[in-house]
Amino acid sequence: MIDIRQYEIWFVTGSQHLYGPKTLEQVAEHAREIAGALGASEEMPVNVVFKPVITTPEAIKELCLEANSAKSCIGLITWMHTFSPAKMWIGGLTLLKKPFAHLHTQYNREIPWAEIDMNFMNLNQAAHGDREFGFIGSRLRLERKVVVGHWQNAEVQRELGVWARAAAAWADWQGAKIARFGDNMRDVAVTEGDKVEAQIKLGYDVYGYGVGDLVKAVDDATENEITAMMQAYLDEYEVAPALKPGGDSNASLREGARIEVGMRNFLKSGNFKAFTTTFEDLHGLTQLPGLAVQRLMRDGYGFGAEGDWKTSALVRAMKVMAAGLKGGVSFMEDYTYHFSASGDKVLGAHMLEICESIASNKPKLDILPLSIGGKADPVRLIFDANTGPAIGASLMDMGQRFRMVANVVDVVPTDHPLPKLPVARALWLPRPNLKVAAAAWIYAGGAHHTSFSYSVTAEHLRDFAEMAGIEFLLINEQTNVEEFKEKLRWNDLYYHLSKGL
Ligand code: MN
């Protein structure tokens, strides 16, 4: 399971010597109180660490270098209680490798009308101190999130919490290992991409394995491990009679358990955070891994089918963003449509691999034919997904850059039961509607595979994309196709020019 509580955000307050030690002591006291309140907020998923107030270029630079090398530090929240001349920040900010959020707040909530004097004015001057700091961020063209409002305000704390979740996912990607069993599904374009560029820009490393390496781990699964796994299945799911002990297909479930034990051991011993499979390369495996993939995703692994390493990495990132939140995150595919007067809907599913974290009911464990790939019938979990607002996001390699496109949707109950559909599924209404959403998605080159979540929002994804330098395109209730196409054209120009040589 993913635990992000060990991560730290450093609360950094800038000032200058001009104010004298007494004022600086007060600045430090206030900053400590704000850092404490942010850390204690239910919205903040990580620790907030107060750092001593910095007042010189040397101290700023030292702090930024310290942040770069501190493993637990995933980013900075900066605030200028008083004025901190921003030329002092150039040396540090140009070296800083961690994301930062600029909190534009003030210690005092309201002006004390009857008491206010110049001492108060000199202490509470973020209104201009933060603008000076903001200028240098923009002059240096640094990506950062600017959050405005009083630090006790719930919305301010929520915005910082969202950003901290994105920062945790970004930290998680750095040096992450992704295992790829087999290559890409033959001839598929969107799941391909430049893995070297991904490692340079996004920080994760994709390791290719012949499926034989996985088969070896599956063959090495011990009888005890397999028996324990079988018991977990019986405890956790509504198991079809044929799969139960003594049932006709019990041996197939045992084979599914062997595959899960082998995959789990392989991924754990290699310290992988995500993986891919492909149904075109299963030599030596009796079934396409369905159940195993579903359960590994539930436990926090990213996954992409058909060799889709980009979606696998994205599922992992969204699972980190969602850590501890209700809702769930799954690999997903836009599968089939329902055009109707009650609204055009998308039925999302995959051959097998939908994560049970999005299940609305206790999953049913069953065995059914796959009708593709020419392997034995695979065991799989079947369920309906939760209803409510959700988001689907996909990441593509556009040649010159990575692009993320996301669509906000509303998952609804199916119009009728689906007794013959042998896979987990979700039915949704895209926002603003299928006509606009699918057109925008297709113009953007969005993939058929997505990472789908009820807990991650467009705001998490935008913060994350900005940290990662990924183009971000959102399709929601405000989307207009013609404006969206304009945005695509302008973005092409922007990313071409901003990249330089
Ligand atoms: Mn697929």
Side-chain angles (χ1 to χ4, degrees), residues 178-193 195 206 208 211 214 259 263 274-282 285 287-298 301-319 328-337 346-358 368-375 377-383 385 390-397 403-407 409 418 421-428 430 438 441-442 444-453:
I178 297 176
R180 205 156 175 258
F181 301 118
D183 203 325
N184 199 63
M185 181 177 167
R186 282 183 280 280
D187 280 340
V188 175
V190 77
T191 50
E192 285 281 13
K195 297 191 277 292
V206 183
V211 74
L214 174 60
I259 292 171
M263 272 189 138
F275 66 105
T276 70
T277 59
T278 172
F279 72 95
E280 283 182 331
D281 188 357
L282 295 173
L285 289 178
Q287 308 173 8
L288 173 66
L291 175 62
V293 170
Q294 291 179 295
R295 286 168 52 82
L296 284 160
M297 248 194 289
R298 176 200 69 183
Y301 286 96
F303 173 75
E306 291 111 30
D308 188 348
W309 50 274
K310 294 192 299 300
T311 304
S312 167
L314 185 58
V315 169
R316 166 68 186 192
M318 287 170 68
K319 281 188 176 282
V329 179
S330 179
F331 174 71
M332 186 63 76
E333 180 166 291
D334 294 84
Y335 226 103
T336 200
Y337 286 145
V346 181
L347 185 67
H350 205 257
M351 286 190 291
L352 301 172
E353 309 94 336
I354 301 299
C355 176
E356 64 174 282
S357 67
I358 66 168
L368 293 146
L370 189 61
S371 69
I372 193 167
K375 286 281 171 179
D377 296 350
V379 287
R380 80 284 298 276
L381 298 172
I382 304 170
F383 53 85
I391 196 162
S394 101
L395 191 62
M396 297 79 67
D397 181 345
R403 163 182 284 171
M404 187 189 292
V405 58
N407 185 197
V409 305
L418 305 161
L421 187 69
V423 289
R425 61 277 181 149
L427 183 75
W428 65 80
W441 189 277
I442 287 168
H448 52 287
H449 286 167
T450 58
S451 175
F452 191 83
S453 177

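In listed order, ligands and their atoms are each counted from 1. Side chains included, hydrogens not; waters and symmetry mates left out as well; all remaining heavy atoms used. If you're wondering where the values come from, they're calculated on a predicted model, not measured in any experiment.
Among heteroatoms of the N, O or S kind in Glu306, OE1 lies nearest the Mn ion (ligand 1). Among heteroatoms of the N, O or S kind in His449, NE2 lies nearest the Mn ion (ligand 1).
Leu368 and Arg380 get closest at one heavy-atom pair: O-NH2, 2.9 Å. The shortest non-hydrogen separation linking Ser312 to Thr276 is CB-CG2, 3.9 Å.
Annotation: the span from Lys319 atom NZ to Phe303 atom CZ amounts to 12.0 Å, rounded to 0.5 Å.
Inclusion of Glu333 in the first shell of the Mn ion (ligand 1) is supported: an N, O or S atom falls under 2.8 Å.
Residues Asn184 and Glu280 form no side-chain contact, since every pair of their non-hydrogen atoms from C-beta on lies 4.5 Å or further apart.
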